Amino acid sequence: MTKTYIWSLPTRLFHWLLAISFAAAYLLGDADDLQSLHFAFGAFAGTLIFFRILFGFFGPKYSRFSDFPIGVKNHVEFVKTFFAKTKEYAGHNPAASVVMLFILLAGILCSISGYLIYSSESKTFSLGFDPDFLEETHEVLANIFLILVGMHLLGILSDLLFHPDTGTLRSMFTGYKNVQAENVRLNNFQKIFGFLWLIIPVVMFFYANGFQINEQKGNKQETEETEQRESESEEDED
Ligand code: HEM
Ligand code: HEM
């Protein structure tokens, strides 16, 4: 059986780090006492995705968006040949390509909206969006992201059931698929890029871990409560 190297090390590390950081950010979304950790994992995931988007333009074959078969014809062919197994895909198949693109889009927008909530609540800066709108958008994007991950896992499961010989699942660990295609090779620029792709998200993790808005929130709430008490006592005096 022919083995071809499809996913280089930066792609595989990106993938598993994204899976972990997304899961952590999502689960910590509501945890008030671990809010800084939520910001840290969210910023980590967002930065990973930002670099993956750049990799989509000047990364190697199979990672480049121009290599994603997303045209209507590709989808028709994919459906027609799915059970006949007459067509194999070295990179992402058409359905996977669409899900991947939406994962990247939902993920980056989710991180940006999270940062905008933080910056307006901590009074760092504000783009003038309504805070309720930002919070709603952030929550919706996080849930869209989760649904896309569910679709992604169903895709992997169906591949495992109907195309077990391709070794798609294993390819995200080893890099190799059982397909006849060109091996992926990183040039020096892509290797340096891959290194920064791992370092910069870690820097962002620690940077965002220092974000604090609980105090401001607490103070705001206290001020509102004091104002309310004062106005109530004024009314009583009258
Ligand atoms: C939060 C969880 C996850 C997220 C956000 C996620 C996201 C992604 C993304 C963005 C890609 C495209 C990689 C690229 O083109 O650079 C991908 C590919 C892939 N993922 Fe995941 N993933 C998650 C969990 C998983 C899990 C749990 C598995 C294994 C059971 C898995 C198996 C794979 C495989 C095998 C591919 C390559 C698919 C192909 O060759 O077309 N992923 N994933
Ligand atoms: C992929 C990355 C992220 C995911 C999946 C995510 C997910 C979530 C989830 C599920 C919630 C709870 C929503 C609710 O039920 O109210 C939440 C809340 C929140 N997130 Fe994120 N988040 C991400 C990134 C970020 C980042 C980078 C920041 C800021 C630096 C951030 C700031 C916030 C804030 C301030 C809240 C509380 C909003 C509120 O008061 O309702 N998030 N996030």
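In listed order, ligands and their atoms are each counted from 1. On a predicted model such as this, the values are computed, not experimentally measured, just so you know.
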Residues in side chain to side chain donor-acceptor pair (under 3.5 Å) contact with [X], at least two apart in sequence or another chain:
X    : value
Y5   : R12
N143 : Y26
D165 : none

Checklist entry - Is there any N or O on H138 that sits under 3.5 Å from an N or O of ligand 2? => result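 Between H138 and ligand 2, an N or O pair is found under 3.5 Å apart.
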
Next on the checklist: Check this for me - ligand 2, Q35, N or O atoms closer than 3.5 angstrom, yes or no?
Outcome noted: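 Min N/O separation from ligand 2 is not below 3.5 Å for Q35.
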
Next on the checklist: Using side chain to side chain contact (heavy atoms under 4.5 Å, CB included), reason through F41 and F22 one step at a time and then give a plain yes or no.
Outcome noted: CA-CA 7 Å; F41 279 113; F22 164 71; over 6 Å; no

For ligand 1, is there an atom lying under 4.0 Å from some heavy atom of [X]?
X    : answer
F65  : no
Y62  : no
F145 : yes

[X] atom [atom1], over 12 foreign heavy atoms within 6.0 Å:
X    : atom1 : answer
F145 : CZ    : yes
K80  : NZ    : no
F58  : CZ    : yes

Which residue owns the protein heavy atom closest to [atom], what's the atom, and how far is it?
atom                    : answer
atom 35 (C) of ligand 1 : T168 O, 3.2 Å
atom 14 (C) of ligand 1 : R52 NE, 3.3 Å
atom 15 (O) of ligand 1 : H92 NE2, 2.7 Å
atom 9 (C) of ligand 1  : M100 SD, 3.5 Å
atom 40 (O) of ligand 1 : K177 NZ, 2.7 Å
atom 29 (C) of ligand 1 : L169 CD1, 3.3 Å

Checklist entry - Out of curiosity, is A43 lining ligand 2, as in a heavy atom under 4.0 Å away? => result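 Yes, A43 has a heavy atom closer than 4.0 Å to ligand 2.
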
Checklist entry - Would you call G46 a ligand 2 contact, heavy-atom distance under 4.0 Å? => result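 False for this residue.
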
Checklist entry - Passes side-chain hydrogen bond (donor to acceptor under 3.5 Å, both in side chains), T124 versus S122? Steps please. => result CA-CA 5 Å; T124 321; S122 65; 2.5 Å; yes

Checklist entry - Taking the minimum heavy-atom distance to atom 18 (C) of ligand 2, which of S21, G107, G29, S113 ranks first? => result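 Selected option, by shortest heavy-atom distance: G29.
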
Checklist entry - Relative to atom 28 (C) of ligand 2, which among A31, G114, A23, A24 owns the nearest non-hydrogen atom? => result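 Heavy atom nearest to atom 28 (C) of ligand 2 belongs to G114.
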
Checklist entry - Step by step, would you call F55 with R64 a side chain to side chain contact (heavy atoms under 4.5 Å, CB included)? => result CA-CA 7 Å; F55 214 51; R64 244 176 282 146; over 6 Å; no

Next on the checklist: Test your reading of the model: is there a side-chain donor-acceptor pair from Q212 to the backbone of S36, 3.5 Å cut-off?
Outcome noted: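 No; judged by distance alone, with no hydrogens or angles, the pair does not exist.
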
Checklist entry - S111 heavy atoms, cut-off 4.0 Å: which ligand 2 atoms fall inside? => result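 Here the atoms of ligand 2 in question are 2 (C), 27 (C).
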
Checklist entry - When you check the space around atom 21 (Fe) of ligand 1, which protein N, O or S atoms turn up under 2.8 Å? => result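 Those protein N, O or S atoms (cut-off: under 2.8 Å from atom 21 (Fe) of ligand 1) are H15 NE2, H152 NE2.
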
Next on the checklist: Taking the six-membered ring of F193 as reference, does the cationic atom of K191 (NZ for Lys, CZ for Arg) lie under 6.0 Å from its centre and within 45° of its axis?
Outcome noted: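 Geometry flag: not set, cation outside 6.0 Å or 45°.
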
Checklist entry - Taking the six-membered ring for Trp, are the ring centroids of Y62 and H92 within less than 6.0 Å of each other? => result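 No - the distance between ring centres of Y62 and H92 does not fall below the 6.0 Å cut-off.
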
